[in-house]
Amino acid sequence: MKILEAKNIVKVYGKANDEGSTTALNGINLSVSEGEFVAIMGPSGSGKTTLLNILSGIDKPTSGEIFIEGQKLNEMTGDALARFRRRKLGFVFQDFNLLESLTVKENIILPMILEKKSGPEMEKKVQELASLFDIEAILNKYPYHISGGQQQRTAVSRALANEPQIIFADEPTGNLDSKSSTVIMECLKKVVQELSTTILLVTHDVFAASYCEKVIFIRDGSVHSHLEKKSDRKAFLDDIMNHLALLGGRQHDI
Amino acid sequence: MTFNKVVWKMAKYHYKKYLFYLACNSLAILFFFMFMTVYFNEQLVALKEIEGIQSLLAIPGAALIVFTVFFISYAHQIFMKKRRSEFGLLMTLGMTKRDISKLVLIENSIIAVIAIIIGIGAGTIFSQFFFWLLLKGTGIQEVAFHLNADMFIYSIGAFMLVFIVSIAQSLYLTMNRDIMENLKTEKMTENTAFKHPAIGGIGVAFVVGSIIGLFVTYTDPDGGEYLMLWAMITFIGLYIALKHLTSFFIGLIKKNKKLYYGGLLYWTSIDHKYKQFTSIMILVTIMVMTTLLYSTIVFYGYTETGKEAIERNPYTIAFISTDSKNNLPADEVHAIFDEYENPVEEHFTIPVYFKFEWDDDGYPYTVTFMPLSAFNEVTASGFELQGKELIYHLNISTEDPESISYGRELRFSIDGEEILYDYTKVIGEKRFNYLDEFFIINDAELETLKGNLDGLEATAHFINVKDWKDSEEAVFALEQAFKSYNATTPNLNVENILPEEELFYVDSLVSDYSNRMNSEGIHFFVAIFLSVLFFIGSFLLLYIQLFSEIDKEELRIRKLFRNGITSKEVKGLVSREITTIFMLPTLLGLIIALLYLVAMATDIGGVLANPGILFQFLLIAGIYFVILIIFLIYAKRKMFMEIAGFREE
């Protein structure tokens, strides 16, 4: 079942047809099915983050339609959109976006509090997520007292708090070392496998992308191609590397 | 590009930080200087000694000292916190600690000098304007705005003292921290400090103890002297209590999951903000308390003054006459009042007898006698006295007259024999103006005394006119008439003790009333001056508190938006936070002011006996709240506008 469908997404910065305008996305079509783990890759400036922001309702497309669970996202506005996002969508950011004044635990329950869930329900959920991501020991610590990897695991837990249908992750390993990156990608894999949540992530990191089942490559605002995992992660990693070479971006652009 | 240029460029980029710091310091000096223009005003100093403004200025003085110390050191802390992370960065690039110290000293000195110039300049202008406005409003003519050296010396001295201590502390911190600690300064929150509810309890005990102390000692003759001490203890107690107890209370709330989770963002934010702003919260509490208490006391004094003057003067006019002094016929006296269309409605006389004596220390005093028959007649009482018995009439209202004793021996030499008089009864009631305490003696005994002593026989006159408030000109005319009459008779220099002017003056309700209103008016003037000063000061503090870390607030709200919070929810949250920050210190200040008022009202028989003072307190508190709410609405609107901007990515 398709959970996310984007039809002919166009995003133009500045006035359309104007000389100074920039076309970031140029008629993108894509669909993601329930339980899929998809990465979007592409060179710098290819429109990855813009696409993610539009798909998740943070940004608005110039034209085109986005459906999440059949609901038309780009017709929702203001508070209705905010509510939809916090119920159906989860977000993981490169810079974690944790509130400094809240403990790890409080950060995780924040989306549930906004949904006015009951105390015991929230407690239960926190324990569940904390044990899934091995952050039980730091639940009462503040973000500035824990490592980057722990912060990102907290952020993933928070993204899952309201049991969203789909998680959008923008460079989730961008601020982490390779060890922490591995832990985070393992976490996300767990999320897909154990909770059957759909994950769409944008990344530069070939290693991170290799955890996904499918990688969509975009270039100059359009979908260039895609790859699907056929065997193990190691082989997929090589496939992605080869494909990137074909894509033709300079290595440091990836 | 030299290193100095880099530093200069960084300073230019962060000019807002410097402006904020400069503004805070200028404000601190401005407030202090404005207070000094009142405190050291020569006319007010002169009045202060006689009218007791000194003790009235004690609480606002203490509050202002606390305000200045906190405000300057707080501004310095905010500034240095931001600077230190930059210093950490500069140190990683090879700047030495010596260079850093030099930088701190140079930039702080420049800011101090500019702040002094701005603060004193603006203080002079505002103070002058205030004087002009209030003097015009109250119609007081005895006081004028002026500047003198003390005002400058104390303002600059106090500022420099606090400023230098703050810098020394910052230098010490910067020097003794390693680069990493300096780099992280801005990220570190203040909640690492040691906090314990038991210490908070000690703070509460300080507050409660000082109020009880005030309550117990205020009726002592020296009670007023301790006022400043009690106020300082209350302020210190408040500081300790708020510093240690708020986290404790929020900890208690955390235990109640339903309550805590329901308002998680609110509680954590208040907890976080409170940790950051404890000093400011305490300061605002103190200022609210001082403003309310001080203006109530003075306002009450102002409104009570008229009543007191009436109580102190049972008759509109009182004077004494002898054969040769003030001896105008009654008709002539009445004619003067008729002339001013304020006819005499009552006029009676009582014979009195003054005996002038020297005490052991060489000071003169007067013993006044009144014949029993005349007293009984005028007061419609039926006292009886035998032989050497006297009644001691205090001629002031007091609840327990029997506890008051005369303190001197009434020993006179009659026919070469030493006779000791003693009083059998004490009357404590204000019965006659002009006269102080006197002794009622039976008529025959008084005749004996007169025959044997060298005293002054006189007649005391008591007059009531139709409208005492309108009697000022007539009283003046009477005084003039007496003066010209007395000039025609030989000078009566009573045993070289009293010049005649001191005996034959006209005591009038109207002049007492206007004298008192005038001096209370000056109190009132000083009170309004300080109240407005504190009022503005407390709002500025709250405002600075709210908007000084707006960048952090922006980040927080942006993160909340990313987590799917709606604009409405953010508004609700921010609204609750701002309301709490405004209301909490105001309510706390109000409660403490009320307790102080209750303690200080023991002096006038307690609040229950004077419901008027409570009413006036509530009236002033009400006005305060109305202005606070207007300001709160403004602050909220401003914050909402800022937030609306955050939403755009």
Side-chain angles (χ1 to χ4, degrees), chain A residues 49-50 53 56-60 76-103 105-123 125-126 140 142-145 155 158-159 161-162 164 168 170, chain B residues 85 180-181 183-192 247 250-251 253-277 549 551-573 577 644 647-649:
Chain A
T49 300
T50 307
N53 284 345
S56 60
I58 289 177
D59 204 352
K60 293 249 173 240
M76 286 187 233
T77 50
D79 291 352
L81 181 61
R83 270 191 290 272
F84 179 80
R85 283 174 51 204
R86 79 178 178 220
R87 279 172 203 156
K88 303 282 182 186
L89 316 179
F91 295 88
V92 177
F93 302 93
Q94 182 174 2
D95 53 359
F96 323 133
N97 258 301
L98 297 175
L99 286 143
E100 300 279 328
S101 58
L102 302 186
T103 60
K105 182 177 169 182
E106 289 162 352
N107 264 293
I108 297 172
I109 60 175
L110 180 63
M112 296 190 269
I113 280 170
L114 294 174
E115 278 300 295
K116 301 193 170 55
K117 291 194 174 160
S118 75
E121 191 186 346
M122 292 193 280
E123 289 285 338
K125 192 78 198 170
V126 168
N140 289 318
Y142 284 88
Y144 45 86
H145 284 142
R158 183 180 64 185
N162 277 339
F168 294 95
D170 187 6
Chain B
S85 52
M180 265 329 281
E181 280 174 319
L183 269 174
K184 281 186 173 173
T185 308
E186 211 176 345
K187 282 234 157 182
M188 288 204 302
T189 44
E190 292 75 355
N191 57 2
T192 43
S247 293
I250 288 174
I253 288 163
K254 275 187 187 176
K255 292 212 169 109
N256 182 339
K257 295 273 183 261
K258 202 172 168 199
L259 189 64
Y260 184 58
Y261 287 152
L264 176 87
L265 281 174
Y266 170 75
W267 291 118
T268 50
S269 173
I270 288 295
D271 191 22
H272 184 72
K273 288 204 166 118
Y274 220 98
K275 277 167 188 157
Q276 282 182 300
F277 300 132
E549 300 220 322
D551 45 347
K552 276 194 183 172
E553 190 69 9
E554 177 183 345
L555 197 66
R556 182 173 79 105
I557 288 170
R558 201 165 279 205
K559 283 177 181 173
L560 284 173
F561 276 137
R562 284 184 171 186
N563 276 291
I565 198 167
T566 62
S567 303
K568 209 175 140 202
E569 283 162 340
V570 164
K571 269 193 177 182
L573 177 68
E577 283 174 17
R647 176 113 218 205
E648 309 308 321
E649 300 256 346

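Evaluation of the side chain to side chain contact (heavy atoms under 4.5 Å, CB included) rule for A/T103 yields A/K105, A/E106, A/Y142 as partners, not counting sequence neighbours. Take B/E577 and apply the side chain to side chain donor-acceptor pair (under 3.5 Å) test, not counting sequence neighbours, and it matches B/S269, B/K273, B/R556.
By the 6.0 Å contact criterion, NZ on B/K571 is open, its count of non-hydrogen atoms from other residues, nucleotides or ligands being 12 or less. Annotation: B/K568, atom NZ; neighbour count of heavy atoms from other residues, nucleotides and ligands within 6.0 Å does not exceed 12.
The shortest side-chain heavy-atom distance between A/L110 and B/L560 falls under the 4.5 Å cut-off.
With a 4.5 Å cut-off on non-hydrogen atoms, A/D95 touches chain B through its side chain but not through its backbone. Heavy-atom distances place no part of A/F84 under 4.5 Å from chain B, backbone and side chain included. Proximity to chain B (any heavy atom under 4.5 Å) is restricted, for A/R158, to the side chain, taken from C-beta onward. For A/L81, no part lies near chain B; criterion is any non-hydrogen pair under 4.5 Å.
In terms of heavy atoms, B/K559 sits closest to A/L98 at NZ-O, 2.6 Å. Closest non-hydrogen pair, B/T566 versus A/A82, comes out as CG2-CB, 3.7 Å.
Here the CG-CG distance, from A/N97 to B/L555, works out to 7.5 Å after rounding to the nearest 0.5 Å.
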